[in-house]
2 protein chains.
Amino acid sequence: MEDAKRKSLEDKGWKVGTVSEFLDLTPEEAVVIEIKLALSRCLKERRQVAMTQAELANKLHSSQPRIAKAENGDASVSIELLMRAMLATGLTPHDIGQVIAQVN
Amino acid sequence: MEDAKRKSLEDKGWKVGTVSEFLDLTPEEAVVIEIKLALSRCLKERRQVAMTQAELANKLHSSQPRIAKAENGDASVSIELLMRAMLATGLTPHDIGQVIAQVN
DNA sequence: CAGAAATATATCAGATATGATATAAACAAC
DNA sequence: GTTGTTTATATCATATCTGATATATTTCTG
């Protein structure tokens, strides 16, 4: 993993800091991070053309700051919240499946 | 929703009990439940031909009881754990994407 | 530039998910 | 039917995720 990418992940709260910590990640955990980031990017792209973060938060019974975290790939956001958000912007399970299928 | 299906979900811990509670579910929440159940079914099918629950649990640094819950669609299991488990059985992001894309 | 609107960051108490453990039930093979 | 293997259920302390709130920063518009 390149330094710049690791730095970016660390800023978002991902525990991939040191090399040894990075090696502690199972392959599955690494893939899940990639999936989360892919969903996050897709959500941001779609939400921006559809509504404000506050509007989306209302639909979800969530809060604007949480949407911001979701769109920025924050580690505290679950795949479930990412999916609920994507669906609330009008994306479908098919769309979500396509995004995940393209990871790696 | 038919009675039999609602009963099955209730047994697994899903809060879809009464009609009014069911109506409280946002459409996105309902779809997410379907996605979880689809992932759960796929995991069970794949794991059964590949290894025991205990072996999978070891690969994941998890426990056999948690794998049992994952395979039986228990509400306490996150999408993230379902995905990590699927990946550990040898399934790929592409496989996972296909399962989700077929929901609904 | 000034004010408004949108987005980002920080903090936190409560809710949900977690692996561990114990143990029960189901299922084989003998 | 007894023994060994696998899967299911129950409980629990800890860790993680949650929406809410306050507030800072960026971006838009006039």
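Order of the sequence lines fixes the chain letters, A, B, ..., with proteins taken first and strands second; residue numbering starts at 1 for each chain.
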For atom [atom1] of [X] and atom [atom2] of [N], their distance in whole Å:
{"X": "A:I67", "N": "D:dC17", "atom1": "CD1", "atom2": "P", "value": "16 Å"}
{"X": "A:L82", "N": "D:dG19", "atom1": "CG", "atom2": "P", "value": "11 Å"}
{"X": "B:I79", "N": "C:dT18", "atom1": "CD1", "atom2": "P", "value": "11 Å"}
{"X": "B:L60", "N": "C:dT18", "atom1": "CG", "atom2": "C1'", "value": "13 Å"}
{"X": "B:N58", "N": "D:dT7", "atom1": "CG", "atom2": "C1'", "value": "15 Å"}
{"X": "B:K12", "N": "D:dA8", "atom1": "NZ", "atom2": "P", "value": "11 Å"}
{"X": "A:R66", "N": "C:dA8", "atom1": "CZ", "atom2": "C1'", "value": "13 Å"}
{"X": "B:E80", "N": "C:dT16", "atom1": "CD", "atom2": "P", "value": "18 Å"}

For [X], which contact category applies under a 4.0 Å heavy-atom criterion: base, sugar-phosphate, or nothing?
{"X": "A:A75", "answer": "sugar-phosphate"}
{"X": "B:S78", "answer": "sugar-phosphate"}
{"X": "B:L81", "answer": "sugar-phosphate"}
{"X": "A:T52", "answer": "sugar-phosphate"}

B:T92 and B:D95 side chains, donor-acceptor separation under 3.5 Å: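 Side-chain D/A pair, B:D95 to B:T92: present.
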Pairwise 5' ranking along DNA chain D for A:S62 and B:K44, keeping only the more 5' one: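 It is B:K44, whose closest nucleotide lies nearer the 5' terminus.
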Distance-only donor-acceptor test, A:Q64 side-chain atoms vs C:dA6 base atoms, 3.5 Å: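 No.
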Closest to side chain of [X], choosing from [options]:
{"X": "A:S63", "options": "C:dT18, C:dT9, D:dT21", "value": "D:dT21"}
{"X": "A:K69", "options": "D:dC17, D:dT21, C:dT11", "value": "C:dT11"}
{"X": "A:R84", "options": "C:dT18, D:dT21, D:dG19", "value": "D:dG19"}
{"X": "A:Q53", "options": "C:dA10, C:dT7, C:dG19", "value": "C:dT7"}
{"X": "B:A68", "options": "C:dT11, C:dT7, D:dA8", "value": "D:dA8"}

Same apolar cluster (I L V M F W Y, side chains within < 4.5 Å links), B:L82/A:L81: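 Linked within one cluster.
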Contact under 4.0 Å: B:N72 side-chain N or O vs D:dT7 OP1/OP2: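 No, outside the criterion.
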Chi angles and distances behind the side chain to side chain contact (heavy atoms under 4.5 Å, CB included) call for B:L91, B:V99: CA-CA 11 Å; B:L91 292 173; B:V99 171; over 6 Å; no
Side-chain donor/acceptor of A:N72 to backbone N/O of A:K69, under 3.5 Å: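 Looks like no, no N/O pair under 3.5 Å.
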Worked verdict on B:E28 versus A:K59 for salt bridge (Lys or Arg N to Asp or Glu O under 4.0 Å): CA-CA 10 Å; B:E28 300 82 40; A:K59 283 203 184 196; over 6 Å; no
